Structure formats: structure tokens, C-alpha cells
Amino acid sequence: MSDHGSVPDIEFRSASKHYGGVAAVEKFDLVVEAGTFLSILGPSGSGKTTSLRLIAGFEQPTSGDILIRGQSVTDVPPYRRAVNMVFQHYALFPHMTVAQNIAYGLRNQRPRLDNAEIARRVGEALELVQLPGFGDRRIFQMSGGQQQRVALARALVNRPNVLLLDEPLAALDRKLREDMQHELQSLQRELGITFVLVTHDQEEAMSMSDVVCLMNKGRIVQKGSAQELYDRPADAFVAGFVGKSNLIAGTATAADGTTASIVMDGIGRLSGQRTNQAAPLAAGQAVTLSVRPEIVAVVPSTQTLGQDLDIRLEGRIVNRIFLGDLTEYRIHHPVLGNVLARRSRQADGSASSFEKGDAVAFGWRSADVLAVS
Amino acid sequence: MTAALATSNEGRRKSVVTALLLAPTALWFFVLLILPMLVIIVFSLGERGPVGGYQAALTLKQYASLGSRLAAFKNTIMLAPAGTLISVLVAYPLAYFLAVKVSPRWRYGLLVLVVLPFWTSLLVRTYAWMFILSGKGLPALLAAIGFPEIQMINTPFAVLLGIVYAYMPLMVLPIFVSLEKLDKRLLDAAADLGSSPLRSFLTVTLPLSLPGVVTGSLLVFILLMGEFLIPSLLGGGKIFFIGNALVDLFLQSRNWPLGAAMSLTLVIVMLVLITLYVRLTMAASAGKSRSLP
């Protein structure tokens with residue numbers, strides 16, 4: 001994808017940002033290859049916005065270095081960096097029209113662009129975000145979704161090497177957000193420039209990006225494709241944050257390179273597959289088993305579970321959430337507490353869906369369980 | 001039928017309540033604004049009595065003789081806008097410093113310091129300036145270190161200094177408010193789009209704080225047009241405003257009709273100038289004017 005040889009668009013070299021002794025970003029190492037759609041995902045306070053502001057130049061790293069296209073930008077002020085940002089809440093200029101907002105960056109370019117050129121590029125940008133003819137509108141006359149597009153056009157019109165997006169879809173309603181996810185993704189493919197998106201919404205990160213970088217407490221926890229994070233979480237935090245999961249913590253009674261087991265009173269042995277083979281695990285160490293809701297099978301207590309399930313338990317339905325194609329059940333088990341299970345509509349069948357209070361048998365295959373540390 | 005009666009009763013009760021709520025304000029305006037205004041209009045068309053005061057007549061000759069007091073108009077119309085302009089130029093950097101540069105911990109304490117002079121009488125403070133600017137004050141000090149002796153008191157300079165000093169807090173506060181509520185993320189956005197700090201200030205901060213400047217200017221300008229204390233103390237009868245002329249006409253020479261004609265003219269001049277100013281600033285921040293319903 002890259003047409004600039006092997007120079008990555010952005011590189012963090014052990015960059016840290018401290019605020020009065022508190023680390024917002026700690027020893028950040030990250031390489032973003034040109035043309036990548038990267039999401040920085042994390043809970044609030046994980047340092048994801050700070051990392052974006054470090055790229056834009058609004059914050060200076062306390063230590064370490066940041067490179068844009070191979071050049072250190074630590075001493076380059078924001079207005080001289082070839083990156084543009086779509087701000088959370090958009091930060092559009094309220095005293096200017098849509099066209100004036102979009103033209104703002106072009107008017108700062110030296111050598112100066114003539115007015116005809118600016119008008120042409122503003123028109124192009126409005127076409128790109130599907131707002132042709134909206135140039136003379138005022139910002140407060142635009143809906144939230146339209147303002148979002150104006151913010152996007154205002155950044156893209158400058159033809160930046162890298163587009164930074166800070167929670168760009170957070171203020172939109174669900175339907176609009178999903179439309180914009182598709183649009184952003186196809187826009188990125190079309191323009192071929194690097195997008196770095198910050199979000200706390202794992203669905204957003206997973207649906208749009210080539211690479212997801214999961215942060216927690218100022219550090220990168222795991223970096224990889226959405227599927228890698230889901231299927232091979234590096235630790236219990238990743239397993240819990242990316243997708244839903246039943247996490248069962250315990251002490252490993254037996255462990256080797258590929259599996260780990262714990263023993264729980266009243267249940268016996270539970271085990272799962274190791275995901276991070278680089279970090280060896282020995283008996284006696286803490287381990288967490290991640291049981292995804294979709295691997296938990298549920299049947300009425302009068303029926304028997306499928307033969308292939310090696311973990312077989314009994315419980316009572318405490319809650320049911322209808323999700324359309326799926327139904328999510330919360331099953332109470334005396335030792336494990338509440339266990340989340342998901343059944344597709346097909347498996348459920350209209351006759352055999354469960355009600356609150358129903359006694360059920362449930363279980364899973366140990367081969368589908370992940371053991372993370 | 002009963003329902004209709006009930007609603008009409010309801011409606012009547014509501015209008016009675018509204019009338020009662022408005023009555024004090026209406027009475028206040030009528031007795032203290034409209035009535036005196038009518039009296040002034042009537043007086044301005046009359047003649048001076050033989051021993052001063054008012055004698056009934058219907059003539060425009062008071063307006064015709066306003067020319068004899070041209071100096072007061074000239075001073076007011078020159079010095080009030082000049083004082084307002086200097087106040088803006090001095091107050092804006094101060095308000096900017098307080099609202100943007102100072103840490104929030106100190107901000108409000110420092111703001112109190114700006115307003116602190118209001119805790120002492122303006123009369124006392126203006127007397128203080130009188131001593132500072134008079135022959136034995138600042139000019140003497142400057143002469144002692146080798147400067148030629150300069151006349152300070154009783155000059156336009158003294159009056160300007162006095163009015164800017166007295167009214168600056170009124171200018172600082174509205175500008176401070178408009179700068180403080182300015183969304184700082186807009187400045188990040190401007191920088192991100194390639195604006196140097198100076199350009200960001202000129203294209204974002206300044207236009208968005210203009211409403212504060214307009215409010216402050218109107219406050220100060222209106223008060224300055226009616227000012228009489230500072231010119232009378234620091235202008236020493238040489239630099240006098242319309243306010244001083246009015247004091248003289250009503251209290252000393254007891255020419256009430258001419259005084260009435262002069263105050264009405266002042267009101268009209270003020271209305272014209274303010275309308276022009278508001279129009280101009282609206283046009284300058286084109287966005288704002290079109291956003292008004």
C-alpha cells in the first residue's frame with residue numbers, strides 16, 4: 001500500500017507524557033505504516049487522546065521522540081505539521097460559514113493559493129463528504145451528522161499525510177454512526193492516506209480499522225488486527241475489553257505451553273488454551289479463563305447437553321436481553337456467579353426460548369476456552 | 001358554557017396578574033423617565049424667565065442658540081469616543097491576560113483587584129489624580145529629573161487619563177467574559193489547520209470576543225457622554241463636557257430652556273452614534289449579524 005518505500009508515516013520511539021508526575025502515556029512504541037487505518041482503542045483515561053495530541057503537536061513528549069515520515073517533530077509546532085485532525089465535538093468555527101471553515105487551512109498555505117483554486121478545492125471537499133451546495137450555510141444550521149462531515153472536509157481539504165480522528169463518531173446516533181463507519185472506511189481506501197482514529201468503542205475500532213492498538217493505563221496492551229485481538233487476547237484486560245467474555249480467575253494447577261487449568265470447588269477442573277505462548281506459565285501462577293458467550297450452550301434442564309461439551313453445569317436464568325438475531329442470557333451459577341450466554345435465533349427456536357427463573361443446563365468445550373494471564 | 005366561562009375567567013385572571021407584575025416597572029418608567037422627558041421637551045420649546053427658570057412659550061430659538069455652547073459638544077464628541085477607544089486598547093490585553101494566560105487558581109483573585117477601585121468613591125480617586133497631575137505632582141517630578149516643565153492638569157490629556165482610569169473596569173469585565181467562554185479547542189483546530197498563534201488570534205479569538213468589546217464600549221461610551229465630574233476636576237473649566245454645560249445652565253445661569261434643548265440634543269446625538277457603532281460592528285462580524293433572527 002505504501003508508495004513511500006519503507007518510511008512509516010508515524011513512529012513513536014519510547015515516547016512518554018507525564019503531567020506533574022502522573023504518566024498519561026508511558027514508553028509508547030508504535031509504528032504506523034503509510035496507508036494504514038489504525039485505531040487506538042482504550043477505556044477513558046487510558047492515554048489514547050494524549051497519544052493523538054502528541055502526533056498533532058498540542059502536547060510535547062516528556063521523553064522519547066515522535067517521527068512523522070521519518071522526521072523528528074518534537075520541536076515542530078502544530079501549525080507546521082503535515083497532519084490534520086477531526087476533533088471530538090468537531091471544533092468548527094461558529095463565526096464562519098461551512099465554506100469558510102473548510103477554506104481556513106487552505107488560506108494558511110504558503111505560497112498563497114488564489115481564490116479560484118480555494119473555491120475549487122472547497123467544492124471538491126464538499127462533494128467528497130456528500131454535502132455539495134452547503135458552502136454558504138452557517139455551522140449552527142447544520143445537524144450533528146452534517147457538522148461531522150464539515151469537520152472531515154475541513155481536515156481532508158489540506159491533503160494531509162495523516163488524518164487524526166478523535167472520537168469522531170461519539171456524538172452521533174447509532175444509525176448515523178454506522179453509516180459514517182462505512183463512509184470513513186471507504187474514504188480511507190479511496191484516498192490511501194493514513195488514518196489514526198481514537199475511540200473507546202470497541203465495535204467502532206474493530207469494524208473500521210486494519211490495525212487496532214489497545215491501550216490501558218498509558219501503555220499499549222496489544223496491537224494487531226481486530227480478529228487477532230478477539231481470538232488471541234494477550235491478557236485478561238484484552239479478553240474483557242474486546243468483545244464480551246466470562247472471565248474466571250484462579251490459580252493454575254497445571255500449565256504447559258498450550259493449556260492451563262484451574263480447580264474450582266464444586267465444579268472441578270476448568271481449562272483453556274494458552275493465547276500468549278511467548279509468556280510461559282507455571283503451576284501456582286494466576287491465570288484467567290475467558291469463556292466467550294457464544295461458546296456457551298444452553299438447554300432446558302430436562303434435556304441433555306450435546307456430547308461434545310466437556311464442561312456441564314446447571315443454573316437458573318436471571319435475565320434475558322433480546323438482540324434481534326441473538327438472545328443474550330444471564331445464567332446464575334452458585335460458584336461462578338452470573339454467566340453470560342448467547343444463542344442465535346435459529347438455535348433458540350421460538351418454542352424453546354427461556355424465561356427468567358427457568359432452570360437450565362449449560363456448558364462449553366474446554367478447547368474453545370482461552371487461558372490468559 | 002360553564003367551561004367557556006371558566007376559560008375566559010382564567011384568561012382574565014392571567015392578564016390581571018400580568019398587569020400587576022408589570023405595574024411597578026411601568027410606573028417607574030412613567031414617573032422617572034417618560035414624564036421628565038416630556039417636561040424637558042416642553043421646557044426646551046420655552047423661554048428663560050426674567051429671573052431665570054422657565055417661561056411658557058413655543059419657540060425653537062433655544063435650539064438655534066445651541067451654537068454658543070459648541071465647545072462642550074466638540075469636547076464630548078471628541079473625548080468620549082477617544083476615551084472609549086483607549087479603554088478598549090488598554091482593557092483588551094488585560095482581559096486577555098486574565099482570561100487566557102493566568103492559571104484559573106489566580107484568575108478570580110486578580111479580577112477582584114480590577115474591580116477593587118470601585119470600593120472607594122470616584123470623587124476621592126479623581127481628587128487624587130488632581131494632585132498627581134497638578135504643578136507640584138508629576139510635572140514637578142519630571143522637571144526634577146531634567147524634563148522641561150509640562151502642563152498636565154486642565155488639558156485634554158488629563159481628562160482622557162481620568163476617564164480611562166475610572167471606566168476601564170467596565171470595559172475589562174465584558175471582554176473578560178467573552179474571552180473566558182471562548183472554546184480553547186477552536187484554537188487547537190486553527191493551529192492544526194496551519195495558523196500561527198498571531199493568525200489564530202486575529203481570525204478566531206478576536207472575532208469571537210467582539211461581542212464583549214461591543215458591550216464594554218457601549219457601557220463606557222454612554223457613561224462618558226454624560227460625564228461631568230472628571231472634566232470638571234481634571235479639566236478645570238477649560239476642558240468641559242456637555243454634562244458640565246448642563247450643570248452650569250440649570251444651576252448657575254438658570255437658563256432651563258437652553259439646558260433642556262441641550263440635553264435633548266445630547267440624547268439624539270448619542271442615539272445616532274450608538275446606532276452607527278452597532279451597525280458597523282455587526283457588519284464587521286458578518287456572521288453575527290446574519291445569525292440574528
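A, B, ... follow the sequence lines: proteins, then strands. Residue 1 opens every chain. Quantities reported herein were computed from a predicted structural model and do not represent experimental measurements.
Residues of residues 161-189 of chain B that come within less than 4.5 angstrom of chain A, heavy atom to heavy atom, are B:Arg185, B:Leu186, B:Asp188, B:Ala189 in numerical order. Using a 4.5 Å heavy-atom cut-off against chain A, no residue of residues 101-114 of chain B qualifies as contacting.
With rounding to the nearest 0.5 angstrom, the CZ atom of A:Phe93 is 9.0 Å from the CG atom of B:Leu208.
A:Arg149 meets the salt bridge (charged side-chain N to carboxylate O under 4.0 Å, His left out) test with A:Glu183; sequence neighbours excluded. Applying the salt bridge (charged side-chain N to carboxylate O under 4.0 Å, His left out) test to A:Asp179 and every residue at least two apart in sequence or in another chain returns A:Lys175.
Scanning all heavy atoms of the two residues, the minimum distance from A:Ala56 to B:Asp192 falls at CB-OD1, 4.4 Å.
Within the 4.5 angstrom heavy-atom criterion, only backbone atoms of A:Leu92 (N, CA, C, O) approach chain B. Contacts between A:Arg53 and chain B at a heavy-atom distance below 4.5 Å involve the side chain alone, from C-beta outward.
B:Phe118 CZ: more than 12 foreign heavy atoms inside a 6.0 Å radius. Heavy-atom contacts from other residues, nucleotides or ligands closer than 6.0 Å to CD of A:Gln71 number 12 or fewer. Counted within 6.0 Å of CZ on A:Arg112, heavy atoms from surrounding residues, nucleotides or ligands total 12 or fewer; the atom is thus considered open.
Screening A:Val157, A:Asn84, A:Asn101 for a side-chain contact (heavy atoms from CB on, under 4.5 Å) involving B:Leu193 leaves a single residue, A:Asn84.
A donor-acceptor pair shorter than 3.5 Å cannot be found between the side chains of B:Ser200 and A:Tyr79.
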